[in-house]
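Reminder, nothing fancy here: chain letters follow the sequence lines and each chain counts from 1.
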Amino acid sequence: MEKLMLIDGNSIIYRAFFAMPPLTNSSGLHTNAVYGFTNMLLRIIQEEKPTHILVAFDAGKETFRHEGYQEYKGGREKTPSELSEQFPLMRELLESFGISWFELPGYEADDIIGTISKQGEESGREVLVVTGDKDMLQVVSDKVTVALTRKGISEVEPYGPKEIEEKYGLTPQQIIDLKGLMGDASDNIPGVPGIGEKTALKLLHQFGSVEEVLSRTDELKGKMKENLVNHAEDARMSKRLATIFREVPVERTWDDMVFNGLREETAVPMLRKLEFKSLLERLDLGGDTAGAGASAEPEQEVNVTIVDAGNLPELVEALPGIEAMHVESAGENPHHSTVMGMVLSTADRQFYISPEFLKSGEAEPVLAWLSDPTIKKRGYDLHRTDLALHWQDIPFAGADFDIQLAAYLLDPTEGDQTLSALAAKYGLSFLASDEEVYGKGAKFKVPDEETLSRHLARKCGAIAKIVPIQQAELEKNEMNRLFYELEMPLSRILADMEKQGVAVNRDALIELGKEFEAQINKLVSQIYEIAGQEFNLNSPKQLGEILFDKLGLPVIKKTKTGYSTDAEVLEKLAPYHEIVQYILEYRQLAKLQSTYVEGLLKEINVKTGKVHTYFRQTVAATGRLSSQFPNLQNIPIRLEEGRKIRKVFVPSEEGWLILGADYSQIELRVLAHISDDPGLKEAFLHDMDIHTKTAMDVFGVPADQVDANMRRSAKAVNFGIVYGISDYGLSQNLNITRKEAARFIDQYFDAFEGVRRYMDNIVRDAKRDGYVKTLLERRRYLPEINASNFNLRSFAERTAMNTPIQGTAADIIKLAMVLMDEALRSRGLRSRMLLQVHDELVFEVPPEELDIMTKLVPETMEKALDLSVPLKAEVSSGTNWYEAK
DNA sequence: ACGCTCACG
DNA sequence: ACGTACGTGAGCGTA
């Protein structure tokens, strides 16, 4: 027997919040309401053993009820931030449990539950509604039971028609009439003055309904009659407001709500994150106590054909109708990944193509389909797909919609971007996680072809379902241009850059390593000598013991685990003891040796002799790229010893050159534009030295009186402004007192009023909207912007100030990359774009193209986006990356 | 797996 | 009073 449990999420989480004592995890996150909710959820699952579950939430402030009555729910206390910050957590937790949830703007949780319970009973299923709200009793029937919470949320009391009759002497439908007469203070529903529960019940027992009472007021007398006559309209409206709407356009199917027991793989990490230790123990996860009744395999409908030479014609015939594709590849580094299989999905069936078949020579039609740029492909992480196929010599083109990339734009801070998390987020039927199917780490194992093909078919089906949902969301957020004209095209460009790779002079790198090694050895012996013993210099713990316990140096700073020995501390200790300087030099060289010499050597591809980084397009919250395997965005430059590393990055063809071009002060130029500050704009319109100009305005002196120290301070203030300034942060950076830093900041804002206004406005807007945006409509949500915890809130405020600046700069260089790619193609140039380092692009160019590229690259970068101040890019070239400075 | 340290913009 | 500058990734030691 199927049994559906519908939970009023808002009602339960509110009651849990007020019933539970305050509770936070170690990172200060409030968790008491989530804890209370989870506790009751698990208990009721255990008791009731539902086969289907859905949790409904209210969405947004305005509902259809406000259209007729603006005061609906008026006068309510604002939800405390300690509670509102728990809503996203609750949804995340439900997803991790494999429990479906739903909300829809304009409707309340009540209405969603009313609708689904009606559908449930109409199809003959048993329905249990869990809520703290008595109104819900109106949906009770033979098939629908309402469990009302008692004593906070620790107990529930089930109500069927019989219980309602016993307690009130009413039918479920009459509950609406009851509220029509007595009203509801908490929802600001007026009812009729002077009529409370007792009187209302008496009237209903006599007349049966609000309408009947109102039409027969002549049978009544006294004050009560007067009130009913005068407030007849209030009574009718109250009844309307109290009536649960049971025709909500709910986008959840019966299959979406299937509950197959707690999904331990995701539930356990989530419970750990929340630090719900007692729940973890009580559940005895590993046993089946939490799984309640259902333990059947979650089987989403798939109709998968394993493609072979025999049935290939079926696939060929289906190719025009392919809605989604998925290439499964194993391994973190997409340049060294193994293709496990591929699935193509039409509306009603899937085709699984094994790697063997794909490479067999018989798969020609599939290869033609994959490489045809005019055939639009929809998939998940098509960037990775492109690379995985490339290294199998299979060309790929025509990426049109990448759901991972879309998910990133819709919420760049969402940590779990796995396909199963996305499917859960969109409430699709259960999709097993890769970890469940393959295991992880050493236990990773490719399952049999039947299991694998079905898993991939489900993935592919999920992709096809997610695409239209995301299309609507992108449209709603005005992100179409950002997605289709910037990020999707960029994804292909990045893949091209990565495939191209950067040539590394291996011998020169080894040579450099030998130099470093000699210096390191010398330093190590000197340090051991001075310390009077040998120890592991790489261990902060052992180093701390030597410095502070043995040598008795003063402790400047502590970490969670002991003494801090970072460079900042060591700088301060240097005057006390000669060993410190050696340690600083050792640290510097050891870093170069392990990360850049040894690390880079390991990454040189044996086939190409190059390093092929992987630019991640969906991780940085601000819209920047990141670079991995190896990270080529943090190659040393600030200190000469490290900068030498750049000499080993060379052109891949004889006689070619490396050309680099970087934006000058792009973030401050963006700030000048978005703040519309006259002083800042003027500085850039005249292409002044921005730090000197800042010093002039902050210190109120002419240019010739700005000394090096003033300029240094001004530079630090400019950095601080971009980061979302705080006096503490600036004081740390400049090594001055907080008071002095605060004075600098005041003076800065006095000089640049427009910037002050921007900072105030952006924080205000973020508090109102819950997110901030870049010029190209890239969003970042800031759930903690209204937190009552000072630290969390302050951090969110600085992020609100910084993200539009850093993010717009990221938008701009991405635009420049798309334009540059097009310019190289249209002009038939052989030069190649190799790297992006946030404000810099690196190319390799044949000598005969040096002149044109020296003009073309900065011109293209400067025209990427039209701001109220000019963009400026500076270009240089040389025989290697070091020389291109 | 996590913290510390440090490389970059 | 609160105690952090914004955004990343890699290597190492320790648990």
Side-chain angles (χ1 to χ4, degrees), chain A residues 28 269 272 332 412-413 440-441 535-544 557-570 583-584 586-600 602-603 613-616 619-639 641-643 645-646 662-663 665-667 671 716-734 738 741 745 780 787-807 809-810 813 835-840:
Chain A
R272 289 227 178 88
E332 264 215 296
T413 52
K440 65 167 172 179
F535 61 99
N536 188 345
L537 251 173
N538 291 326
S539 161
K541 187 163 168 257
Q542 295 182 33
L543 179 61
K557 195 165 65 172
K558 291 199 140 196
T559 67
K560 254 190 261 181
T561 49
Y563 307 119
S564 171
T565 66
D566 64 22
E568 197 190 320
V569 168
L570 295 181
I583 294 169
L584 277 164
Y586 167 83
R587 278 259 175 93
Q588 197 197 327
L589 288 163
K591 175 81 175 180
L592 294 176
Q593 185 74 314
S594 68
T595 304
Y596 297 102
V597 175
E598 291 163 6
L600 213 49
K602 280 185 223 156
E603 293 292 345
T613 191
Y614 171 49
F615 287 108
R616 296 188 64 186
V619 282
T622 53
R624 277 189 174 184
L625 300 175
S626 81
S627 159
Q628 270 185 324
F629 317 128
N631 181 352
L632 293 184
Q633 290 181 322
N634 72 345
I635 302 302
I637 189 166
R638 292 173 190 167
L639 301 173
E641 294 92 312
R643 194 170 191 158
I645 299 279
R646 295 189 170 224
D662 62 300
Y663 279 113
Q665 301 297 348
I666 188 168
E667 292 187 336
L671 175 62
V717 173
N718 278 330
F719 268 94
I721 290 293
V722 169
Y723 292 157
I725 198 145
S726 73
D727 49 15
Y728 187 84
L730 184 64
S731 73
Q732 290 293 299
N733 193 282
L734 280 178
R738 223 183 62 202
I745 295 168
R780 177 171 181 180
S788 49
N789 178 311
F790 174 87
N791 272 331
L792 292 176
R793 189 178 63 247
S794 301
F795 187 67
E797 288 170 358
R798 290 196 299 276
T799 310
M801 300 185 234
N802 167 265
T803 295
I805 302 172
Q806 190 181 122
I813 195 163
L835 297 174
Q836 187 251 47
V837 193
H838 310 307
D839 66 353
E840 170 190 11

Nearest listed nucleotide, side chain of [X], among [options]:
| X | options | value |
| --- | --- | --- |
| A:Asp839 | C:dG3, C:dT8, B:dG9 | B:dG9 |
| A:Arg638 | B:dT5, B:dG9, C:dA5 | B:dG9 |
| A:Asp566 | B:dG9, C:dG3, B:dC6 | B:dC6 |

Quick one: which of A:Leu537, A:Leu543, A:Asn538 gives a side chain to side chain contact (heavy atoms under 4.5 Å, CB included) with A:Arg587?
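Exactly one pass, corresponding to A:Leu543.
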If you apply the rule side chain to side chain contact (heavy atoms under 4.5 Å, CB included), what do you find for A:Lys558 with A:Tyr563, and how did you get there?
CA-CA 5 Å; A:Lys558 291 199 140 196; A:Tyr563 307 119; 4.3 Å; yes
So which heavy atom on A:Ala716 is nearest to which on A:Asn733, and how close?
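Looking at all heavy atoms of both residues, the closest pair is CB-OD1, 3.8 Å.
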Within this structure, what is the [atom1]-to-[atom2] distance between [X] and [N], rounded to whole angstrom?
| X | N | atom1 | atom2 | value |
| --- | --- | --- | --- | --- |
| A:Phe719 | B:dC8 | CZ | P | 12 Å |
| A:Glu797 | C:dC2 | CD | P | 18 Å |
| A:Leu543 | B:dC6 | CG | C1' | 15 Å |
| A:Leu592 | B:dA7 | CG | C1' | 9 Å |
| A:Glu641 | B:dA7 | CD | P | 11 Å |
| A:Leu734 | C:dT4 | CG | P | 18 Å |
| A:Ile721 | C:dG7 | CD1 | C1' | 18 Å |
| A:Lys557 | C:dG3 | NZ | P | 16 Å |

Determine: side-chain N/O of [X] to OP1/OP2 of [N], distance under 4.0 Å, yes or no.
| X | N | value |
| --- | --- | --- |
| A:Arg798 | C:dC6 | yes |
| A:Ser564 | B:dT5 | yes |
| A:Arg793 | C:dC2 | no |

Which residues within residues 800-807 of chain A lie with some heavy atom under 4.0 Å of an atom in DNA chain C?
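Listed by number, they are A:Asn802, A:Gln806.
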Any base atoms under 4.0 Å from [X], or only sugar-phosphate, or nothing? Heavy atoms, all strands.
| X | answer |
| --- | --- |
| A:Leu625 | nothing |
| A:Ala809 | nothing |
| A:Ala567 | sugar-phosphate |
| A:Arg643 | nothing |
| A:Ala716 | base |
| A:Thr622 | sugar-phosphate |
| A:Val722 | nothing |
| A:Phe795 | sugar-phosphate |

Let's test your reading of the model: under 3.5 Å, does the base of C:dT4 pair with the side chain of A:Ser726 as donor and acceptor?
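Side chain to base: pair found, below 3.5 Å.
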What I want to check is whether an N or O donor and acceptor connect the side chain of A:Arg780 with the base of C:dG7 at under 3.5 Å.
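When only heavy-atom distances are counted, A:Arg780 does not reach the base of C:dG7 through any donor-acceptor pair under 3.5 Å.
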Under the side chain to side chain contact (heavy atoms under 4.5 Å, CB included) rule, what do A:Val597 and A:Leu592 come out as? Steps first, then yes or no, please.
CA-CA 6 Å; A:Val597 175; A:Leu592 294 176; 5.5 Å; no
Kindly confirm whether the side-chain ring of A:Phe790 is stacked on the base of C:dC2, judged by centres under 5.5 Å and planes under 30°.
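Here the ring of A:Phe790 and the base of C:dC2 are not stacked, as the 5.5 Å and 30° limits are not both satisfied.
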Set of salt bridge (Lys or Arg N to Asp or Glu O under 4.0 Å) partners for A:Glu603, sequence neighbours left out:
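Scan of A:Glu603 (salt bridge (Lys or Arg N to Asp or Glu O under 4.0 Å), adjacent residues dropped) gives none.
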Is there a donor in the side chain of A:Ser731 and an acceptor in the side chain of A:Arg738, or the other way round, less than 3.5 Å apart?
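No - no donor-acceptor pair under 3.5 Å links their side chains.
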Does the [X] side chain pair with the main chain of [Y], one donor and one acceptor, at a distance under 3.5 Å?
| X | Y | value |
| --- | --- | --- |
| A:Asp727 | A:Ala741 | no |
| A:Gln542 | A:Asn536 | yes |
| A:Arg780 | A:Thr413 | no |

Pairs under 3.5 angstrom only: tabulate donor-acceptor contacts from the side chains of residues 620-629 of chain A to other protein residues two or more places apart or in another chain.
| unit_1 | atom_1 | unit_2 | atom_2 | d |
| --- | --- | --- | --- | --- |
| A:Thr622 | OG1 | A:Gln806 | OE1 | 2.8 |
| A:Arg624 | NE | A:Gln806 | OE1 | 3.4 |
| A:Ser627 | OG | A:Thr613 | OG1 | 2.7 |
| A:Ser627 | OG | A:Pro630 | O | 3.4 |
| A:Ser627 | OG | A:Leu632 | N | 2.8 |

Pairwise P distance for C:dA5 and B:dC6, with rounding to whole Å:
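Per the computed distance, 14 Å lies between those P atoms.
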Please state the P separation for the pair C:dC2 and B:dA7 - nearest whole angstrom.
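Here C:dC2 and B:dA7 have their P atoms 33 Å from each other.
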Take A:Arg616 and A:Tyr614 through the side chain to side chain contact (heavy atoms under 4.5 Å, CB included) test and state the conclusion after the steps.
CA-CA 6 Å; A:Arg616 296 188 64 186; A:Tyr614 171 49; 3.6 Å; yes
If you measure from OH on A:Tyr723 to CD1 on A:Ile725, what distance do you get to the nearest 0.5 Å?
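CD1 of A:Ile725 is found 11.5 Å from OH of A:Tyr723.
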Working for side chain to side chain contact (heavy atoms under 4.5 Å, CB included), residues A:Glu568 and A:Gln732:
CA-CA 10 Å; A:Glu568 197 190 320; A:Gln732 290 293 299; 4.1 Å; yes
Check DNA chain C for consecutive Watson-Crick or G-U pairs with both distances under 3.5 Å and list the runs of at least three as stems.
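So far as stems of 3 or more pairs are concerned, DNA chain C shows B:1-9 with C:6-14.
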Protein heavy-atom contacts under 4.0 Å, written 5' to 3' over nucleotides 10-15 of chain C as B (base), S (sugar-phosphate only) or - (none), form the string BSSSS-
Only counting residues at least two apart or in another chain, list the ones meeting side chain to side chain donor-acceptor pair (under 3.5 Å) with A:Arg798.
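A:Arg798 satisfies side chain to side chain donor-acceptor pair (under 3.5 Å) with no residue once adjacent residues are dropped.
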